[in-house]
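Side chains included, hydrogens not; waters and symmetry mates left out as well; all remaining heavy atoms used.
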Amino acid sequence: MEQVAYTRSEPLARGEMAAMVAADIQRGAFVNLGIGLPTTIADHLRPEQRVTLHTENGMLGMGPAAVGDRIDPDLINAGKAPVTELPGASYFHHADSFAIMRGGHLDVCVLGAFQVSAAGDLANWHTGAEDAIPAVGGAMDLATGAREVWVMMTLQDKTGGPKLVQHCTYPVTGLSCVTRVYTERAVFLLSPDGVRVRESFGCTVDDLRGIVEVVLQGD
């Protein structure tokens, strides 16, 4: 059995999570970053990676978040946050943007989630709570259209419950689509063979087994 790497003695901060995901994106990839925490990945991509970011409101070539006098109110991402543009950026109709998503033209999408199941099912648009505002947006298009679906989320919800579960109890966005989950405590790789811990931060695999509701491979 492959040994799990314990790379540090404490959980990752959110910026460190974003930097880790950014470093794992292959050179030259076309990538969509979901609303919320995943959008911070844009701030950690290196120019030499030559990654092209797509945003579903109709842009290719998105850069890092815009701050100060770089903010243009007409230049935003799908979450309405101000962003920058990189040389060669292009803009197009919303329908064309969804054609990119649905047509298999994205190498990776990184989404947030309320739950991810051991089978790779994704639930990220509605908790089922009466006062929750359901907002699936383009998530289901990304979950089925991207070549790889990664999730970036906290390992536990606000009540301390696990977000990596055996079966999703929230409405599902996509089935068997997630292949990788990044959290502050570990990186999980999902496949038909099960869930493997690639590396952990500030805890052991046994510690993780006491938190999540899935069978974990790893020592």
Nearest atoms (heavy-atom pairs only) where Glu56 meets Ser97: O-OG, 3.0 Å
Under 3.5 Å: donor-acceptor pair, side chain of Gln217, backbone of Asp193: yes
Distance, nearest 0.5 Å, that separates OG1 of Thr154 from CG of Leu164: 11.5 Å
Thr179 and Glu148 side chains, donor-acceptor separation under 3.5 Å: yes
Same apolar cluster: Met17 and Phe201, side chain cutoff 4.5 Å: yes
Distance-only polar pair, side chains of Thr173 and Asn124, donor-acceptor under 3.5 Å: yes
Short side-chain to backbone donor-acceptor contact, Asp121 and Ser176, under 3.5 Å: yes
Any donor-acceptor N/O pair, Thr39 side chain to Ile35 backbone, under 3.5 Å: no
Side chain Glu213, main chain Ala118, donor-acceptor under 3.5 Å: no
Side-chain touch Met62/Leu86, heavy atoms, less than 4.5 angstrom: no
Leu37 with Val108, same ILVMFWY side-chain cluster at under 4.5 Å: yes
Leu155 backbone acceptor or donor facing Glu184 side chain under 3.5 Å: yes
Full working for side-chain contact (heavy atoms from CB on, under 4.5 Å) between Val31 and Cys109: CA-CA 5 Å; Val31 180; Cys109 71; over 6 Å; no
Nearest heavy atoms of Leu53 and Ala42, plus distance in Å: CD1-CB, 3.6 Å
pair Ile76-Val83: side-chain heavy atoms closer than 4.5 Å: no
Polar side-chain atom of Gln115 near backbone of Thr169 as donor-acceptor pair, under 3.5 Å: yes
Met153 reachable from Val214 in the ILVMFWY side-chain graph, under 4.5 Å edges: yes
Side chain proximity check, Leu190 to Val181, heavy atoms < 4.5 angstrom: yes
Sidechain-backbone polar pair: Thr84 side chain, Pro64 backbone, donor-acceptor under 3.5 Å: yes
Tyr170 reachable from Met140 in the ILVMFWY side-chain graph, under 4.5 Å edges: no
Minimum side-chain heavy-atom gap His93-Phe98 below 4.5 Å: no
Cluster check Val165, Phe188: I/L/V/M/F/W/Y, side chain < 4.5 angstrom: no
Pair Asp43, Thr40: side-chain N/O donor-acceptor within cut-off below 3.5 Å: no
Heavy-atom pair of closest approach, residues Val51 and Ile25: CG2-CG2, 3.7 Å
Minimum side-chain heavy-atom gap Arg180-Val151 below 4.5 Å: no
Minimum-distance pair of heavy atoms, taken over all atoms of Gly174 and Ala143: CA-CB, 4.3 Å
Distance-minimising heavy-atom pair for Val149 and Cys177: CB-O, 3.4 Å
Other residues, nucleotides, ligands: >12 heavy atoms within 6.0 Å of His94 NE2: yes
Student check: side-chain heavy atoms of Val215 and Val195 closer than 4.5 Å: no
Short side-chain to backbone donor-acceptor contact, Thr55 and Ala78, under 3.5 Å: yes
Verdict with reasoning, Leu142 to Leu111, per side-chain contact (heavy atoms from CB on, under 4.5 Å): CA-CA 9 Å; Leu142 290 165; Leu111 301 173; 3.9 Å; yes
Beyond-backbone contact of Leu122 with Val172, side-chain heavy atoms, under 4.5 angstrom: no
Mutual orientation of the aromatic rings belonging to Phe92 and His54 [parallel < 30°, tilted 30-60°, perpendicular > 60°]: parallel
Polar contact flag, side-chain donor to acceptor under 3.5 angstrom, Thr204-Asp206: no
Between Ser117 and Gln166: side-chain donor-acceptor atoms closer than 3.5 Å: no
Distance (rounded to the nearest 0.5 Å) between His44 NE2 and Met20 CE: 12.0 Å
Flag if over 12 foreign heavy atoms under 6.0 Å of CZ, Arg70: no
Residues Asp157 and Lys163 bridged, charged N to O under 4.0 Å: no
Heavy-atom side-chain proximity of Met152 to Ile41 below 4.5 angstrom: yes
Full working for side-chain contact (heavy atoms from CB on, under 4.5 Å) between Val187 and Val197: CA-CA 6 Å; Val187 178; Val197 181; over 6 Å; no
Main-chain N/O of Phe30 paired with Asp107 side-chain donor or acceptor, under 3.5 Å: yes
Separation of Ile211 CD1 from Cys203 SG (nearest 0.5 Å): 6.0 Å
Between CZ on residue Arg209 and CG on residue Leu216, distance to nearest 0.5 Å: 6.0 Å
side-chain contact (heavy atoms from CB on, under 4.5 Å) evaluation trace for His105 with Arg147: CA-CA 8 Å; His105 303 292; Arg147 294 172 185 170; 5.6 Å; no
Which atom of Trp150 lies closest to which atom of Asp24, heavy atoms considered: CH2-O, 3.5 Å
Atom pair CD (Gln156) and CZ (Arg185), whose distance is rounded to the nearest 0.5 Å: 6.5 Å
